[in-house]
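Since the structure comes first, as C-alpha cells, the remarks are kept for the end.
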Amino acid sequence: MTKKRVAVLISGRGSNLQALMDAQQDVYEIVLVVSNVPGVAGLERARAAGIEAIALDHKPYGKNREAFERDLDALLIERRIELVALAGFMRVLTPYFVRAWAGRLINIHPSLLPKHPGVNTHARALEAGDAEHGCTVHLVVEEVDAGEIIGQAQTPILPGDTPETLANRVLELEHALYPRCLANFARTLAA
Ligand code: 4DW
Ligand code: GAR
C-alpha cells in the first residue's frame, strides 16, 4: 500500500509534529508542514527533518478567514495531500475548509473530550476535582473540539499535581497517542 500523504498544520513549538515525524513508518508520510505563524520552532523542526515547511501568515488576510483557507486549500491540493493533521494549530477553521476536508482532518486536544473543550484544560481538570485527565484525537468538525473521537490516553491526577506537572504528563501521552491514531486513521482511508 502506498503511504498516505499527510500535511501537518501548526502554530508553535511543534512537539506533536516532532512525534509524528519521528514515528512515521509505512502507512503515512508527512510531506508538508504549514504554520499560520511565521518563525515558529515547528517550521525549523520540519526543515531539519527534510520536510517542506511553509509559513502562511493569516494576518494579511485580516478578518477574511475564507480567503486564508482558500490559499491553504490550494496549497494542500497542489501537494496532493490526502490527510491533514492539526498539531497545536490555533486558528478556527470555517465550514468552507472543514467541509472540503471532512473525514480527512484530525486534531489532538489536551483533555479527555467531551470534558474541558477550549483552553486551560489542565487547570480546569484540577479545579473540577477530576480523578483522571488526558488527551484526545478527534475528527475536526465545524464545532470546535467536537467530532468523532479516534483515540484517547489517560493519566490519574495525583496529589500535588499542578497545571504544569499535569501538562507535562499529558504532553508525553500526546506524543505517544497521536502517531498511533494517525497511523490507524491512515489505514482506514480508502486507497
Ligand atoms: C482550537 C479551537 C479553537 C481555537 C483554536 C484551536 C482547537 C483545534 C481546532 C483548530 N481549528 C479548528 C479546530 C477545531 O476543533 N474545529 C475547527 N477548527 N472547526 C480558537 O479559538 N482560536 C482563535 C485564535 C487564537 C489565537 O490566534 O491565538 C481564533 O480566533 O481562531
Ligand atoms: C498540545 O498540547 C496540543 O494538544 C494543544 O496545543 C499543544 C501544542 O503543542 N492543542 C490545543 O490546545 C488545541 N486546542 P505542540 O506545538 O508542542 O505540539
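In listed order, ligands and their atoms are each counted from 1. Throughout, numbering of the chain's residues begins at 1 and tracks the sequence.
Where the criterion is an N or O separation shorter than 3.5 Å, residue side chain and backbone included, Met90 meets it with respect to ligand 1. The shortest N or O to N or O distance between Ala146 and ligand 1 is not below 3.5 Å. Taking any N or O of Val144, backbone or side chain, none lies under 3.5 Å from an N or O belonging to ligand 1. Ligand 1 has no N or O atom lying under 3.5 Å from any N or O atom of His138, backbone or side chain.
The Asn107 neighbourhood of ligand 1 comprises atoms 7 (C), 8 (C), with distances under 4.0 Å to a heavy atom of that residue. Less than 4.0 angstrom separates some heavy atom of Glu142 from each of these atoms of ligand 1: 19 (N). Distances below 4.0 Å separate heavy atoms of Arg91 from the following atoms of ligand 1: 10 (C), 11 (N), 12 (C), 31 (O). Which parts of ligand 1 touch Val98 is read off a 4.0 Å heavy-atom cut-off, strictly below it: atoms 19 (N). Interface atoms of ligand 1 facing Phe89, defined by a heavy-atom separation under 4.0 Å, are 6 (C), 10 (C). Remark: ligand 1 atoms within the under-4.0 Å shell around heavy atoms of Arg65 are 29 (C), 30 (O), 31 (O).
Look at Val141 and you'll find a heavy atom under 4.0 Å from some atom of ligand 1. Remark: distances from the non-hydrogen atoms of His58 to ligand 1 are all 4.0 Å or more.
Of the residues Val27, Ile106, Leu83, the one that meets the side chain to side chain contact (heavy atoms under 4.5 Å, CB included) test with Val6 is Leu83.
Under 3.5 Å, the side chains of Glu164 and Asn168 contain no donor-acceptor pair of N or O atoms. Ser111 and His109 share a donor-acceptor pair across their side chains, judged by distance under 3.5 Å alone. Residues Thr136 and Gln152 have side chains that bring a donor and an acceptor to within less than 3.5 angstrom of each other. Glu132 and Thr155 are not linked by any side-chain donor-acceptor pair at a separation below 3.5 angstrom, with hydrogens and angles left out of the test.
Salt bridge annotation for Glu52-Arg79: present, with a cationic side-chain nitrogen under 4.0 angstrom from a carboxylate oxygen. Ion pairing of Glu44 with Arg47 is present here, as a side-chain N (NZ or NE/NH1/NH2) and a carboxylate O approach within less than 4.0 Å. A salt bridge between Arg99 and Glu142 is present, with a side-chain N of the basic residue lying under 4.0 Å from a carboxylate O of the acidic one. One finds a salt bridge joining Lys115 and Asp130 here, because a Lys/Arg side-chain nitrogen approaches an Asp/Glu carboxylate oxygen to under 4.0 Å.
For atom 15 (O) of ligand 1, the choice among Val140, Asp145, Val37 with the nearest heavy atom turns out to be Asp145.
Of all the heavy atoms in Ala125 and His116, the pair that sits closest is CA-NE2, 3.5 Å. Contact record, Phe89 with Ser11: CA-OG, 3.3 Å, taken as the closest heavy-atom pair.
Contacts of Lys59 with ligand 1, taken as heavy-atom pairs under 4.0 Å, are absent altogether. Residue-level proximity to ligand 1 for His109 is absent, since no heavy atom of it falls below 4.0 angstrom.
The nearest protein heavy atom to atom 28 (O) of ligand 1 is not closer than 4.0 Å.
With contacts defined as side-chain heavy-atom distances shorter than 4.5 Å, the pair Arg70/Tyr96 qualifies.
Annotation: ligand 2 has protein neighbours Arg13, Gly14, Ser15, Asn16, Gly88, Ile108, His109, Pro110, Leu171, Glu174, each with a heavy atom less than 4.0 angstrom from the ligand.
From the protein, the heavy atom lying nearest to atom 20 (C) of ligand 1 is Val92 CG2, 3.4 Å.
At least one donor-acceptor pair under 3.5 Å links the side chain of Arg104 to the backbone N or O of Glu82.
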